[in-house]
Each structure stands twice: as C-alpha cells, then as structure tokens.
Amino acid sequence: MAYIISDECISCGACAGDCPVEAISEGDTKYVIDADTCIECGACADVCPVGAPSEG
Ligand code: SF4
Ligand code: SF4
C-alpha cells in the first residue's frame, strides 16, 4: 500500500523534497502522494513535523 497524507498536513513541503521518486506534490488543501509512484520508503513520514503521512 502506498503512503497517504492526512488532513493534518500544513503544506510545509518538506516531504516533497525528500521523496526519492518525486511522488509528492502540492494539492489544493494539502500535499498529496501519487499511489502509483510511491515505493513505501517512509522518508515522508520521517521528515513530516506533524506526522501526516502514514501507510495506507
Ligand atoms: Fe515518497 Fe517514500 Fe513517502 Fe512514498 S513513502 S511518498 S516513496 S517518501
Ligand atoms: Fe504536509 Fe508533512 Fe509533507 Fe509538510 S512534511 S507538506 S506537513 S505531509
């Protein structure tokens, strides 16, 4: 399962820069992960200040 970003996201952008496969992009109200691209490495969850990304 790909990681998903919850509504806790404050759109800081930190995770997008750390994703090795560039699966994360800025959405309308929060950052979003492309499920088909995510390789489930967990880097986004490690860097997020609010714990928004989690395994889907
Ligand atoms: Fe990118 Fe890894 Fe987060 Fe998936 S788990 S979105 S590959 S940083
Ligand atoms: Fe949102 Fe966390 Fe990514 Fe920042 S690091 S954009 S708060 S999911």
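For reference, positions follow the sequence shown, starting with 1. All heavy atoms count here, side chains included; hydrogens, waters and symmetry mates do not. Whatever order the structure lists them in is the order used to number ligands and atoms, beginning at 1.
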Asker: What atoms in ligand 2 come closer than 4.0 Å to a heavy atom of Val50?
Answerer: 7 (S)

Asker: Between Cys19 and atom 2 (Fe) of ligand 1, is there a contact where an N/O/S atom of the residue lies under 2.8 Å from the metal?
Answerer: no

Asker: In the protein, what heavy atom is nearest to atom 2 (Fe) of ligand 1, and what distance, to one decimal place, separates them?
Answerer: Cys41 SG, 2.3 Å

Asker: Less than 4.0 Å is my threshold; does some heavy atom of Ile33 fall inside it relative to ligand 1?
Answerer: yes

Asker: If you draw a 6.0 Å radius around CG in Asp46, do more than 12 non-hydrogen atoms from other residues or ligands fall strictly inside?
Answerer: yes

Asker: How far is atom 5 (S) of ligand 1 from the closest protein heavy atom, and which atom is that?
Answerer: Gly42 N, 3.2 Å

Asker: Any sub-3.5 Å donor-acceptor pair from Lys30's side-chain atoms to Glu8's backbone N or O?
Answerer: no

Asker: Who's the nearest protein heavy-atom neighbour of atom 4 (Fe) of ligand 2, and how far?
Answerer: Cys12 SG, 2.3 Å

Asker: What's the shortest heavy-atom distance between Pro49 and Cys12, and which atoms?
Answerer: CD-SG, 4.0 Å

Asker: Of the non-hydrogen atoms in Cys38 and Ala2, which two are nearest, and what is the gap between them?
Answerer: CB-CB, 3.8 Å

Asker: Hey, is Asp18 touching ligand 1 through its side chain, its backbone, both or neither, going by heavy atoms under 4.0 Å?
Answerer: neither

Asker: Within this structure, what is the OG1-CD1 distance for the pair Thr37 and Ile24, rounded to the nearest 0.5 Å?
Answerer: 10.5 Å

Asker: If I take atom SG from residue Cys15 and atom CD1 from residue Ile33, how far apart are they, to the nearest 0.5 angstrom?
Answerer: 6.5 Å

Asker: Distance under 4.0 Å to a non-hydrogen atom of Cys38: what atoms of ligand 1 satisfy this?
Answerer: 4 (Fe), 5 (S), 6 (S), 7 (S)

Asker: Enumerate the atoms of ligand 2 whose separation from the nearest heavy atom of Cys48 is less than 4.0 angstrom.
Answerer: 2 (Fe), 5 (S), 7 (S), 8 (S)

Asker: Grab the two heavy atoms, one from Tyr3 and one from Ala45, that are nearest each other, plus how far apart they are.
Answerer: CE2-CB, 3.9 Å

Asker: Can you sort out which atoms of ligand 2 are near Tyr31, meaning under 4.0 Å from one of its heavy atoms?
Answerer: 6 (S)

Asker: For Ile39, counting its heavy atoms only, list the atoms of ligand 1 lying under 4.0 Å from any of them.
Answerer: 4 (Fe), 7 (S)

Asker: Counting from 1, what ligand 2 atoms have a heavy atom of Cys9 closer than 4.0 Å?
Answerer: 1 (Fe), 6 (S), 7 (S), 8 (S)

Asker: Identify the closest protein heavy atom to atom 3 (Fe) of ligand 2: which residue and atom is it, and at what distance?
Answerer: Cys15 SG, 2.2 Å

Asker: Could you tell me the separation between the OH atom of Tyr31 and the OG atom of Ser11, rounded to the nearest 0.5 Å?
Answerer: 6.0 Å

Asker: Is there a side-chain contact between Ile4 and Ser54 in this structure, where contact means two heavy atoms from C-beta onward sitting under 4.5 Å apart?
Answerer: yes

Asker: So do Pro20 and Ile39 actually touch side chain to side chain, heavy atoms under 4.5 Å?
Answerer: yes

Asker: Name the closest protein heavy atom to atom 7 (S) of ligand 2, giving the residue it belongs to and the distance to 0.1 Å.
Answerer: Ile10 N, 3.4 Å

Asker: So which bit of Ile24 gets within less than 4.0 Å of ligand 1, heavy atoms only: side chain, backbone, both or neither?
Answerer: side chain

Asker: Please could you name the atoms of ligand 2 that Gly13 approaches to less than 4.0 Å, counting only its heavy atoms?
Answerer: 4 (Fe), 6 (S)

Asker: Any idea which atoms of ligand 2 are less than 4.0 Å away from a heavy-atom of Ile5?
Answerer: 8 (S)

Asker: If you round to the nearest 0.5 Å, how far is CD of Glu55 from CD of Glu40?
Answerer: 6.5 Å

Asker: Val21 heavy atoms, cut-off 4.0 Å: which ligand 1 atoms fall inside?
Answerer: 7 (S)

